[in-house]
*Asks:* 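Please read through the structure below; I'll follow up with questions.
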Amino acid sequence: MSAQGTEPLVEIAGVTKRFGAVTAVDDVSLSIAPGEFFALLGPSGCGKTSLMRLIAGFETPDAGRVLIGGRDMAGVPPHRRPVNMLFQSYALFPHMSVEENIAFGLVQDRLPRHEIGERVLEMLRLVQLDGMSARRPDQLSGGQRQRVALARALAKRPSLVLLDEPLAALDRKLREDTQFELMRVQRELGTAFLIVTHDQDEAMVMANRIAVMRAGRIEQVGAPREIYDAPMSRWVSGFVGEINIFEAKIESSGEAPEMLNQGLAEPRICRLFLIDDGMARDLPCEEALVPGQEVALAVRPEKIALTPCDQGEHGLVGTVSDIAFRGETVLYRVQLRSGRIVRATRINEPGEGSAIARGDHVRVSFEAGAGRVLVR
Ligand code: ATP
């Protein structure tokens with residue numbers, strides 16, 4: 001789902017937030033559609049939490065506007081926003097039962113008793129904690145505490161739930177189950193979720209759209225597949241997944257002939273000279289590039305093929321320096337003549353591992369459509 005076509009639920013327009021000399025959020029514009037599962041992804045300190053806190057109303061922007069449901073949130077305190085935040089620590093009340101924790105916001109809002117009772121039951125069912133309503137948080141597992149916090153965040157039926165690294169406290173196995181659990185709940189309710197994470201796998205698994213942040217700015221916004229298959233910069237290509245970067249120079253650039261048209265918005269073809277093998281190749285590219293321009297050719301390791309070849313062959317050839325068994329996949333590291341290391345991964349299928357051995361001389365190849373030409 002994209003934010004196009006529907007009224008955005010959240011609109012962030014040119015928002016900046018400074019803490020002393022640090023610009024935590026730097027002129028960010030972004031919109032989130034109703035019902036979207038949206039992820040803010042980036043390394044530690046890039047400003048994800050600050051941006052989320054600006055939406056929640058715990059911080060005020062130094063510049064720009066935050067609109068929720070078309071309404072400017074300037075001066076609107078957190079508890080008056082149609083938003084609820086699930087904190088990393090869960091922040092459950094230790095002396096209250098599960099039921100009382102979930103009911104807390106509803107009691108504060110003075111909802112009629114029977115309505116509170118119904119809503120709590122509905123939430124308990126939703127997060128599959130029926131029968132545990134009388135327990136206190138210290139009588140629950142980490143995963144169950146997380147679900148109570150989620151139920152509490154959802155009880156007031158907000159239009160948007162903010163989740164700050166919601167799975168950080170869970171172990172790996174439980175994290176996966178909880179990811180699917182959060183997705184199920186989100187689908188069932190149709191509430192928009194905004195999740196903050198530094199874990200690219202987590203963002204890719206759960207979100208409809210991801211905003212990749214770096215140093216207070218948004219580097220790219222798109223569906224997980226778009227970000228992975230068509231990263232806009234070297235930095236994004238390396239942050240989301242593994243990547244091989246080949247330095248290259250543009251020789252020429254022009255309209256693509258039909259045959260090579262890969263369904264790109266602006267089908268163009270550029271001839272680039274790969275520094276590593278000193279050979280030219282034709283690749284699809286999305287913008288007009290200037291001869292002589294220095295670019296990068298980015299290729300994912302799973303798109304690289306290795307075939308045995310003779311010692312003296314020309315082109316993109318090298319020696320297998322390492323082979324690492326990783327369970328699902330096998331990683332091959334190939335040292336090219338230029339010294340550059342190329343990473344290639346193969347699915348661990350029967351027979352894998354017998355074909356290529358350490359020290360073998362191999363040709364490194366990939367299809368034209370597998371390489372992405374990056375200008376920055
Ligand atoms: P993490 O994943 O580590 O939580 P983050 O991407 O969420 O990081 P923020 O917490 O938003 O990043 O912080 C962005 C920058 O702003 C950091 O340099 C941080 O030190 C700074 N910062 C955040 N909050 C404050 C504050 N209240 N006072 C001073 N500096 C702050």
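On a predicted model such as this, the values are computed, not experimentally measured, just so you know. Start at 1 and go down the list; that is how both ligands and their atoms are numbered. If you read the sequence from its start, that first residue is 1, and numbering goes on from there.
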*Asks:* Between S50 and E59, is any side-chain donor less than 3.5 angstrom from a side-chain acceptor?
*Replies:*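 Absent: no donor and acceptor within the cut-off.
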
*Asks:* So for atom CD, which belongs to E242, do other residues, nucleotides or ligands contribute more than 12 heavy atoms lying within a distance under 6.0 Å?
*Replies:*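 Yes, the 6.0 Å shell around CD holds more than 12 heavy atoms from other groups.
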
*Asks:* So, T16 versus D27: side-chain donor-acceptor pair below 3.5 Å or not?
*Replies:*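 There is no such pair (donor and acceptor under 3.5 Å, judged by atom type) between the side chains of T16 and D27.
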
*Asks:* Please state whether the rings of F366 and F246 are parallel, tilted or perpendicular, taking 30° and 60° as the class boundaries.
*Replies:*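 Judged by the thresholds at 30° and 60°, the geometry between F366 and F246 is parallel.
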
*Asks:* For Q108 and H79, which I'm curious about, is there any donor-acceptor pair between the side chains at under 3.5 Å?
*Replies:*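 There is no such pair between these side chains.
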
*Asks:* Could you tell me the separation between the CG atom of D164 and the CD1 atom of I195, rounded to the nearest 0.5 Å?
*Replies:*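 Interatomic distance, D164 CG to I195 CD1, rounded to 0.5 Å: 9.5 Å.
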
*Asks:* Check each protein residue for a heavy atom under 4.0 Å from ligand 1 and list those that pass, ordered by chain and number.
*Replies:*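 Close residues (ligand 1, cut-off 4.0 Å): F19, V22, A24, P43, S44, G45, C46, G47, K48, T49, S50.
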
